[in-house]
2 protein chains.
Amino acid sequence: MGKIEEAIKQSEFKDSYNKVVVNLLYTHSYLVNFQTAVLKPMDLSPEQYNVLRILRGQQGKPATIAAIQERMLNTMSNASRLVDKLKAKDLVKRDECPENRRKVDVLITEKGLRLLESLEPEIVAINKKVIHLEEAELSLLNGLLDKLRG
Amino acid sequence: MGKIEEAIKQSEFKDSYNKVVVNLLYTHSYLVNFQTAVLKPMDLSPEQYNVLRILRGQQGKPATIAAIQERMLNTMSNASRLVDKLKAKDLVKRDECPENRRKVDVLITEKGLRLLESLEPEIVAINKKVIHLEEAELSLLNGLLDKLRG
DNA sequence: GTTCAATTGATGTATATACATTTATTGTAG
DNA sequence: CTACAATAAATGTATATACATCAATTGAAC
C-alpha cells in the first residue's frame with residue numbers, strides 16, 4: 001500500500017501533526033478491518049472481543065460495568081449494552097453485587113474463555129501477517145505512541 | 001498518561017504485535033476524542049469533516065460518491081448518507097452527472113469552504129497541544145505506520 | 001435492437017458510539 | 001430519621017459503521 005499520500009490520494013498535508021493524525025486514523029481502519037474479518041465468523045464484534053479479553057484479564061475476579069468501561073479502548077462507549085449482548089450468548093454472566101446493589105459483578109464464563117482460546121491462533125497469525133514490522137520497529141512504534149499521548 | 005500498560009491497566013501482552021494493535025486502537029480513540037470535541041460546536045462529526053476535506057482537495061472539480069468513498073479513512077463506510085447530511089446543511093451540493101446519469105457530482109459549497117477555514121486554526125492548535133512529539137518523531141512515526149501497512 | 005451483466009448509488013438492518021437522561025441504591029447533612 | 005446529593009447502571013436518541021440488497025442506468029453480447 002505504501003505511503004499515506006498514495007493510500008488516500010492526497011498529496012499534501014497542512015503540517016506533520018495533521019499527517020500523523022490522518023495516518024493513524026487510516027492505519028487504525030486498516031487493522032480493525034482485518035480483526036473484524038477474523039471475529040465475524042464467531043459472531044463477535046471487535047468491541048465485544050475487547051470486553052471478553054478485559055474480563056479474562058481479571059483472572060476470576062468479577063468486574064463492575066464501570067471497571068470494564070475504564071479499561072475499554074473506546075472510552076466513551078457503553079459497556080452495559082455490550083455486556084448484555086455477551087450475556088445473551090452465554091459468554092459472560094452478570095450478578096448483582098451483594099455488598100452494593102447498585103453495582104453488578106460481571107464474569108467471563110467457561111464458554112467465553114473457550115471462545116477466546118479458540119480465536120487466539122488466528123488473531124496471532126493475522127497480526128503477524130498484516131503488520132509488516134520487525135521486532136525492533138514494533139517497540140519503537142509502541143514507544144512513539146506512548147510518547148504521543150504524553 | 002504514559003505507557004499503554006498503565007493506560008488500560010493491563011500488565012502483559014501476548015506478543016509485540018498484539019501490543020501495537022492495542023496501542024494503536026487506544027491512541028486512535030485518544031485523538032478522535034479531541035477532534036470530536038473541536039468539531040461538535042459546529043455540528044460536524046469527524047467523518048463529515050473528513051468528507052468536506054476530501055471535497056476541498058478536489059479544488060473545484062466535482063467528486064462522485066465512489067471517489068469520496070475511496071479516499072475516506074473508514075473505507076467501508078457510507079459516503080452517500082454522509083453527503084446527504086452535509087447537503088442538508090448546505091455544506092455541499094449534489095447534482096446528477098450529465099454524461100452518466102448513474103453518477104452524481106458532489107461539490108463543496110462556499111459555506112462549506114468557509115466552515116473548514118474557520119475550523120482550521122483550532123484543529124492545528126489542538127493537534128499541536130495533544131500530540132507530544134517533536135518534528136523528527138512525527139516523521140519517524142509516519143514512516144513506521146506506512147511500513148506497517150506494507 | 002433486445003437481453004443480460006456490470007456499474008453506481010440509494011436504502012435496509014444490526015451493531016456500536018457519544019452523549020444525555022433516568023432509575024435505583026447508597027451515603028450524608030441537618 | 002428524612003431529605004438530598006452522589007454513585008452505578010440502564011435506557012433513550014442521533015449518528016456512524018458494516019455490511020447486504022435493491023433500483024436505475026449503462027454497456028456489451030448475441
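Sequence lines set the chain letters: A, B, ... in the order given, protein chains first and strands last, and positions in each chain run from 1.
Phosphate contact (OP1/OP2 of C:dC19, side-chain N/O of B:Lys40, threshold under 4.0 Å): present.
The OH-C1' distance, from A:Tyr30 to D:dT17, rounds to 20 Å in whole Å. Nucleotide C:dT17 holds its C1' atom 9 Å from the CE atom of A:Met72, rounded to whole Å. Taking atom CD of A:Glu70 as the reference point, atom C1' of D:dA8 lies 13 Å away to the nearest angstrom. Rounded to an integer number of Å, the gap from CE of A:Met42 to C1' of C:dT15 is 18 Å. Between A:Gln48 atom CD and D:dT17 atom P there is a gap of 18 Å when expressed in whole angstrom units. Atom C1' of nucleotide C:dC19 and atom CD of A:Gln69 are separated by 11 Å, given to the nearest angstrom. For A:Lys103 and D:dA10, the NZ to C1' distance is 17 Å, given to the nearest whole Å. Remark: P of C:dT15 and CG of A:Asn50 are 18 Å apart, rounded to the nearest angstrom.
Counting heavy atoms from C-beta outward, B:Leu86 and B:Val106 have side chains that stay 4.5 Å or more apart. Between A:Leu44 and A:Lys89, some side-chain heavy-atom pair lies under the 4.5 Å cut-off.
In terms of position along DNA chain D, the nucleotide closest to B:Lys85 lies nearer the 5' end than the nucleotide closest to the other residue of the pair B:Lys85 and A:Thr36. Summary of the strand contacts: A:Leu44 and B:Ala37 both lie near DNA chain C, and taking for each the nucleotide with the nearest heavy atom, the more 5' one is attributed to A:Leu44.
When the side chains of ILVMFWY residues are joined at heavy-atom separations under 4.5 Å, either directly or via intervening members, B:Val124 and B:Leu115 end up in two distinct hydrophobic clusters. A:Leu107 and A:Ile65 fall into different hydrophobic clusters, where Ile, Leu, Val, Met, Phe, Trp and Tyr side chains are chained together by heavy-atom contacts under 4.5 Å. A single hydrophobic cluster is seen to contain both B:Leu113 and B:Leu82, as judged by linkage of ILVMFWY side chains at heavy-atom distances under 4.5 Å, directly or through other members. Residues A:Leu133 and B:Phe13 share a hydrophobic cluster, clusters being chains of Ile/Leu/Val/Met/Phe/Trp/Tyr side chains in contact below 4.5 Å.
Where the helix from C:dG1-D:dC30 to C:dG30-D:dC1 starts and where it ends, the local axes point in directions that differ by 10°; five pairs per end, rounded to 10°.
Side-chain N or O atoms of B:Thr64 include none that pairs as donor or acceptor with a backbone N or O of B:Asp105 at under 3.5 Å. Side chain of B:Thr109 to backbone of B:Asp90: a donor-acceptor contact under 3.5 angstrom is found.
Shortest non-hydrogen contact noted between B:Leu55 and B:Ile68 is CD2-CD1, 3.9 Å.
Remark: aromatic rings of A:Tyr30 and A:Phe34 are close, center separation under 6.0 Å.
Nearest to the side-chain atoms of A:Thr64 among the listed nucleotides C:dT17, C:dG9, D:dA9 stands D:dA9. You'll find that the side chain of A:Leu82 is closest to C:dT17, out of C:dT17, C:dG9, D:dA9.
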For nucleotides 24-27 of chain C, which of its nitrogen or oxygen atoms have a protein nitrogen or oxygen under 3.5 Å away, and what is each distance?
residue, atom, partner, partner atom, Å
C:dT25, OP1, A:Arg101, NH2, 3.2
C:dT25, O2, A:Arg102, NH1, 3.3
C:dT26, OP1, A:Arg101, N, 3.0

Which atom pairs link the protein and nucleotides 11-13 of chain D when you take only N or O atoms and keep those under 3.5 Å?
residue, atom, partner, partner atom, Å
D:dT11, O4, A:Asn78, ND2, 3.2
D:dG12, N7, A:Arg81, NH1, 3.1
D:dG12, O6, A:Arg81, NH2, 2.3

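The pair A:Arg149-A:Asp146 meets the salt-bridge criterion, since a charged nitrogen lies less than 4.0 angstrom from a carboxylate oxygen.
Of the listed residues (B:Arg56, B:Arg114, B:Arg53), just one forms a salt bridge (charged side-chain N to carboxylate O under 4.0 Å, His left out) with B:Glu120, and that residue is B:Arg56.
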